[in-house]
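Residues take their numbers from the sequence shown, with the count starting at 1.
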Amino acid sequence: MLFYWFLKFVAIGPVVKLVFRPRVEGVHHIPRTGAAILASNHLSAADWVFMPLSLRRRVTFLAKAEYFTGTGLKGFLQRAFFSGAGQVPIDRSSASAAENAILTGLRILREGKVLGIYPEGTRSPDGRLFRGKTGVARMALETGAPVVPVAMVYRPRRLPLIGRRLPRVSVRFGEPLDFSRYEGLAGDRFVERSITDEIMYEIMTLSAQEYVDVYGATVKKSMDATGATASEVVSKLQPPADEAGDRAPESLAG
C-alpha cells in the first residue's frame with residue numbers, strides 16, 4: 001500500500017505530470033467512497049499510469065500473471081513494481097481465465113475498492129474502439145457498483161526547441177452509469193450485452209473514436225496469422241454496412 005503512494009506521489013507521478021502534463025476532465029464523477037468500476041478504452045501500455053494519477057483514490061487493475069512470476073533480481077523488481085502499482089495477477093492462459101478474472105474483480109469491488117478495467121480486453125490494434133467483452137457488465141450487476149466510462153486521448157505535441165513529439169494526454173471521466181434497473185439479471189447474456197454496449201457507447205462518445213463491432217483480440221490474432229493490417233482484417237470480419245448500423249452500441253439509459 002505504501003509503495004503505491006510512493007510511486008504515485010514521489011517516484012513516478014511528479015515526473016509524468018511534469019513531462020506530459022496530462023489534462024483531466026470530469027474527475028468529480030468518481031465516487032469518493034465505495035466500490036466503482038472505471039471502464040476505459042485501451043490505446044497504450046501507459047494508460048494504467050495516466051488514469052490513476054488523475055485520482056485521489058487508489059485504482060486496482062487486473063494484470064497478466066507473467067508479470068509476477070519472473071525469477072532473479074529482475075523478477076523480484078518486476079513483482080514489487082506491479083504489486084505496488086495496484087496490479088492484481090490474472091492467469092490468462094487457462095480455459096477458465098475469463099472466469100478467474102471476473103471472480104477477482106468481484107472480490108475487489110466487494111471490498112469497496114475502485115477497479116480499473118479495459119472492456120476491449122486488449123490494446124486497440126489501430127486506435128479505433130473495438131467491441132467490449134461482457135465481464136464488466138456481470139461485475140456491475142453482481143455488485144451494484146456504478147460504472148464510470150473513461151476515455152484516454154493521445155495527441156502528438158512537438159516540444160519547443162527540441163523538435164521531438166510527445167503525446168498530449170487527456171483523461172476524460174464520464175458520468176457514472178447505474179444499472180440497478182437490471183438487478184437480478186446477472187448471467188442473462190442479452191442483458192449483459194446491452195449493458196456492455198451502453199458502456200462502450202459512452203466511451204466512444206468521450207473518446208470520439210470510430211467504433212468497430214469486432215473483438216480486438218480476434219483482429220490481432222488474424223493479423224499475426226496472416227500478416228494483414230488491422231483495416232484489412234476488420235473489413236473481412238465486420239458485418240456489412242447495412243447490418244453494422246443495427247449492431248453499433250447505443251445508449252439504453254432512460
Side-chain angles (χ1 to χ4, degrees), residues 1 3-4 34-49 51-52 57-71 75-125 130-150 177 179 182-200 203 214-222 224:
M1 178 68 76
F3 188 49
Y4 176 88
I37 301 172
L38 305 185
S40 175
N41 61 339
H42 198 11
L43 295 173
S44 166
D47 291 343
W48 67 270
V49 175
M51 186 211 291
R57 297 188 64 183
R58 173 172 176 165
V59 182
T60 300
F61 291 91
L62 306 181
K64 295 188 295 185
E66 290 87 338
Y67 291 150
F68 299 81
T69 57
T71 59
F76 170 78
L77 294 175
Q78 187 167 267
R79 285 194 302 276
F81 177 80
F82 282 102
S83 296
Q87 308 278 335
V88 174
I90 292 295
D91 181 4
R92 303 197 302 185
S93 62
S94 67
S96 58
E99 183 68 15
N100 291 339
I102 290 174
L103 292 176
T104 302
L106 289 173
R107 174 179 60 80
I108 292 169
L109 292 168
R110 285 168 179 155
E111 293 173 354
K113 298 178 180 178
V114 177
L115 176 68
I117 189 171
Y118 302 108
E120 293 169 275
T122 186
R123 289 198 299 271
S124 172
F130 286 75
R131 197 175 201 224
K133 296 186 177 182
T134 59
V136 61
R138 178 178 161 187
M139 287 188 281
L141 288 174
E142 291 202 15
T143 64
V147 179
V148 179
V150 185
L177 304 175
F179 298 107
Y182 295 117
E183 184 178 0
L185 295 178
D188 185 314
R189 64 189 184 94
F190 296 105
V191 170
E192 291 181 353
R193 172 45 57 191
S194 295
I195 289 174
T196 304
D197 284 348
E198 180 175 344
I199 294 170
M200 300 311 292
I203 295 174
V214 178
Y215 291 117
T218 302
V219 174
K220 286 186 174 181
K221 184 176 180 179
S222 183
D224 291 339

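- Nearest heavy atom pair, residue Lys220 against residue Pro125, reads CG-CB, 4.1 Å.
- For Glu183, the side-chain contact (heavy atoms from CB on, under 4.5 Å) test picks out no residue, with sequence neighbours left out.
- Of the inter-residue distances, the one linking Lys133 atom NZ with Thr196 atom OG1 reads 11.5 Å to the nearest 0.5 angstrom.
- Applying the side-chain contact (heavy atoms from CB on, under 4.5 Å) test to Ser222 and every residue at least two apart in sequence or in another chain returns Thr226, Val233.
- Minimum heavy-atom separation, Gly112 to Arg57: O-NH2, 3.2 Å.
- Of the inter-residue distances, the one linking Leu115 atom CG with Leu38 atom CG reads 8.0 Å to the nearest 0.5 angstrom.
- Salt-bridge formation is detected for the pair Asp197/Arg193: a Lys NZ or Arg NE/NH1/NH2 atom is positioned less than 4.0 Å from an Asp or Glu carboxylate oxygen.
- For the pair Ala137 and Ile195, the tightest heavy-atom approach, listed with the atom from each and the gap, is CB-CG2, 3.6 Å.
- Minimum interatomic distance between Ala39 and Ile203 (heavy atoms only, all atoms of both residues): O-CD1, 3.4 Å.
- In this structure, the separation between CD on Glu142 and CD1 on Ile102 is 8.0 Å, given to the nearest 0.5 Å.
- For the atom pair CD of Glu99 and OG1 of Thr104, the computed distance is 10.0 Å after rounding to the nearest 0.5 Å.
- Between the CZ atom in Arg110 and the CE atom in Met139 there is a gap of 11.0 Å [rounded to 0.5 Å].
- For the pair Leu141 and Glu192, the minimum side-chain heavy-atom distance is below 4.5 Å.
- In this structure, the side chains of Phe179 and Ile199 come closer than 4.5 Å at one or more pairs of heavy atoms.
- Atom OG1 of Thr143 and atom CD1 of Ile108 lie 11.5 Å apart (nearest 0.5 Å).
- The side-chain heavy atoms of Asn41 and Ser124, taken from C-beta on, include no pair separated by under 4.5 Å.
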